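What follows is one structure encoded as structure tokens, with my remarks underneath.
Lettering of chains follows the sequences in order, A, B, ..., and the numbering in each one begins at 1. The shown structure was predicted, so the numbers you read here are calculated from the model rather than taken from an experiment. Every heavy atom of this structure was used, including side-chain atoms; hydrogens, water molecules and symmetry mates were not.
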Number of protein chains: 2
Amino acid sequence: MAKTEGRADYSFDEFNIVLAGRFDGLSKQLKKIARFILDNPVDTALDTAAEIANRLEVQPSSLIRFAQALDFEGFSEIQKIFRANLVQQLPGYSANYSDRIQKLKEGASEGAEGAHPILNVFMEANRDALTSLQSEVSVARLDEAINTIKAAKNIYILGQRRSFPVASYLYYMMRNLDIRAFLLDGVGGNLSEQARLIGDGDVLVVATFPNYADEVIGVAQQARDAGAKVIAMTDKLVSPIVKLSDTYFLTDKVTVSGFRTVTGTMCLAQALAIGLGLDSNQISRT
Amino acid sequence: MAKTEGRADYSFDEFNIVLAGRFDGLSKQLKKIARFILDNPVDTALDTAAEIANRLEVQPSSLIRFAQALDFEGFSEIQKIFRANLVQQLPGYSANYSDRIQKLKEGASEGAEGAHPILNVFMEANRDALTSLQSEVSVARLDEAINTIKAAKNIYILGQRRSFPVASYLYYMMRNLDIRAFLLDGVGGNLSEQARLIGDGDVLVVATFPNYADEVIGVAQQARDAGAKVIAMTDKLVSPIVKLSDTYFLTDKVTVSGFRTVTGTMCLAQALAIGLGLDSNQISRT
DNA sequence: GCGCATCAGGAATATATATTCCGGTGGGGA
DNA sequence: TCCCCACCGGAATATATATTCCTGATGCGC
């Protein structure tokens with residue numbers, strides 16, 4: 001890695017500047033290549049040199065020549081630049097929040113934004129979590145969940161460890177909306193005893209995230225066996241809770257320094273509670 | 001190219017479903033790989049198998065085995081799926097309307113924004129709460145709070161009702177960072193008994209919002225009298241907790257349908273915890 | 001119109017990367 | 001406790017891919 005790396009790790013912008021400067025001096029074919037590359041940044045980033053050459057009706061070696069004409073060692077280096085650029089353009093691209101914090105730790109801190117750098121990272125992470133919520137929660141699912149809860153005889157809420165704040169918040173909101181809900185808080189190690197209450201026609205709203213506490217999964221299974229519906233909030237499809245659930249929501253994939261955001265799930269909980277409260281009583285929407 | 005192509009050109013969603021179905025049957029290491037892949041879709045798409053294996057501390061061959069356990073021919077096929085998914089996520093990626101229409105059919109009846117209207121309202125509210133946090137929390141204050149906590153003999157955390165989720169989350173994070181903190185949860189009506197632990201040189205981190213529960217204010221007063229420092233999270237300057245505190249933060253002024261957001265306070269709690277954890281140890285946790 | 005310089009094509013080669021295969025290991029059942 | 005089987009690590013191999021190099025072609029100046 002400490003060798004002559006051509007002009008590796010140039011930024012995308014720098015690449016463009018260099019290219020613009022030399023464009024006129026390029027041969028006809030090389031100009032053609034340059035245009036294609038600029039017009040198809042995604043393909044340039046992802047395809048193999050051979051494929052690109054093929055689409056251009058040009059030999060792969062010409063791509064290499066092109067790269068070398070710009071003082072790169074090979075075409076691969078150009079691809080690296082384009083890939084990096086691609087990743088940056090990803091929505092809610094979060095450049096590994098943990099890495100960023102790590103960097104902050106190493107000193108290079110300049111609070112350009114006016115707020116504390118650590119706070120900034122979390123603000124971004126939480127905002128991203130909210131943004132992705134938009135695409136991840138479908139209207140139908142949410143309505144489905146609301147109707148399931150509305151139709152239930154009893155409502156139970158469960159979340160442990162990381163998910164406990166969410167569960168307790170949902171419980172708090174429901175109670176304030178005069179919705180009769182029960183929080184399975186597991187106080188005194190009585191979780192499974194509490195869970196034994198769950199019966200036919202009830203609903204269990206459960207939040208669980210890696211590493212998916214066994215006792216939580218157990219309770220969900222128990223609820224299901226007892227004939228209750230299960231509404232799950234978790235992070236991904238392979239979560240063990242998904243297959244135990246009637247309706248599930250995926251949120252808060254985002255983590256910072258090993259800590260998952262809770263914002264998405266919180267927001268979802270708010271929407272659930274208010275959605276429930278809306279027709280059952282007065283609540284004036286803002 | 002017309003050979004048996006495994007299950008090439010599966011969609012990302014299909015991949016997730018297949019994986020979800022087989023996840024339980026996978027070996028320990030294969031599960032580890034599955035989790036990594038799902039948690040790092042970008043790296044999975046772009047890095048070489050060797051690099052991914054390296055980061056996982058696993059042999060490349062295990063990645064192949066993983067792919068084959070899912071009936072793919074090799075790891076490359078999985079990467080193809082992830083790459084395709086990556087491209088789709090690109091902003092302004094307009095192609096594939098059919099996919100979107102498909103999703104709309106499956107998911108929503110109308111959904112102009114793609115999300116449920118209620119959810120949208122909360123998403124905006126939470127985003128606003130985060131945004132205002134930026135201007136409300138000064139770097140100096142946050143550092144001051146972090147230093148106060150760092151210097152404390154014992155750390156106590158308090159929040160009731162609406163603020164309880166925040167308190168329990170802060171507690172959860174600190175404990176996971178090996179920071180010795182105590183949550184005053186008031187279980188069994190023992191709040192004031194719990195609070196009697198607070199003594200000279202300790203710190204109390206307290207969150208309270210209208211209508212500022214008396215017992216919470218009482219505990220804060222008690223803590224102060226006992227010689228402890230008080231760090232407060234509340235909504236406005238006239239909050240009764242402000243004058244009892246050594247350091248205070250104002251967040252979550254926003255309310256929707258009578259419910260105050262918690263996002264700002266949550267975010268602040270995250271920043272506090274990580275800020276504390278940063279120099280005390282090695283951030284890296286699940 | 002001739003010769004030189006530049007350029008592109010394509011096969012040959014080098015390199016990177018994925019995949020296979022085998023032997024050792026550890027955990028679970030008899 | 002022993003044996004068997006599933007699993008993993010690692011070297012060996014196969015494959016894909018990038019890069020080089022040589023050759024022939026093309027255009028331009030003289």
**Report entry** Phosphate OP1/OP2 of dC8(D): any Gln29(B) side-chain N/O under 4.0 Å
**Finding:** yes

Query raised in the report: Can you list the residues that meet the salt bridge (Lys or Arg N to Asp or Glu O under 4.0 Å) rule with Arg55(A), with sequence neighbours excluded?
Result: Asp43(A), Asp47(A)

Requested in this report: Could you state the atom-to-atom distance from NZ of Lys28(A) to C1' of dG9(C) in whole Å?
Outcome: 16 Å

Query raised in the report: Side-chain N or O of Gln59(B) less than 4.0 angstrom from OP1 or OP2 on dC8(D)?
Result: no

Query raised in the report: Leu158(A) and side-chain contact (heavy atoms from CB on, under 4.5 Å): which partner among Val230(A), Asp185(A), Val219(A)?
Result: Val219(A)

Query raised in the report: Should Met173(B) and Ile274(B) count as side-chain neighbours, where that means a heavy-atom distance under 4.5 Å?
Result: yes

Query raised in the report: Are the aromatic rings of Phe82(A) and Phe15(A) close, with centres under 6.0 Å apart?
Result: yes

**Report entry** Within 45° cone and under 6.0 Å: Arg35(A) NZ/CZ vs Phe23(A) ring
**Finding:** no

Query raised in the report: Taking NZ, NE, NH1 and NH2 as the nitrogens, is one of them in Lys31(B) or Asp24(B) under 4.0 Å from a carboxylate oxygen of the other?
Result: no

Query raised in the report: What is the distance, rounded to the nearest whole Å, between atom CG of Leu63(A) and atom P of dG10(C)?
Result: 14 Å

Between the protein and nucleotides 16-19 of chain D, list every N/O to N/O distance that falls short of 3.5 Å.
residue : atom : partner  : partner atom : Å
dA18(D) : OP1  : Ala49(A) : N            : 3.0
dA18(D) : OP2  : Ala49(A) : N            : 3.0
dA18(D) : OP2  : Ala50(A) : N            : 3.3
dA18(D) : O3'  : Ser76(A) : OG           : 3.1
dT19(D) : OP1  : Ser76(A) : OG           : 3.3
dT19(D) : OP2  : Phe75(A) : N            : 2.9

Query raised in the report: Rounded to the Å, how far apart are Phe66(B) CZ and dC7(D) P?
Result: 14 Å

Report task. Report the distance from atom CD of Glu57(A) to atom C1' of dG9(C), rounded to the nearest whole Å. Result -> 14 Å

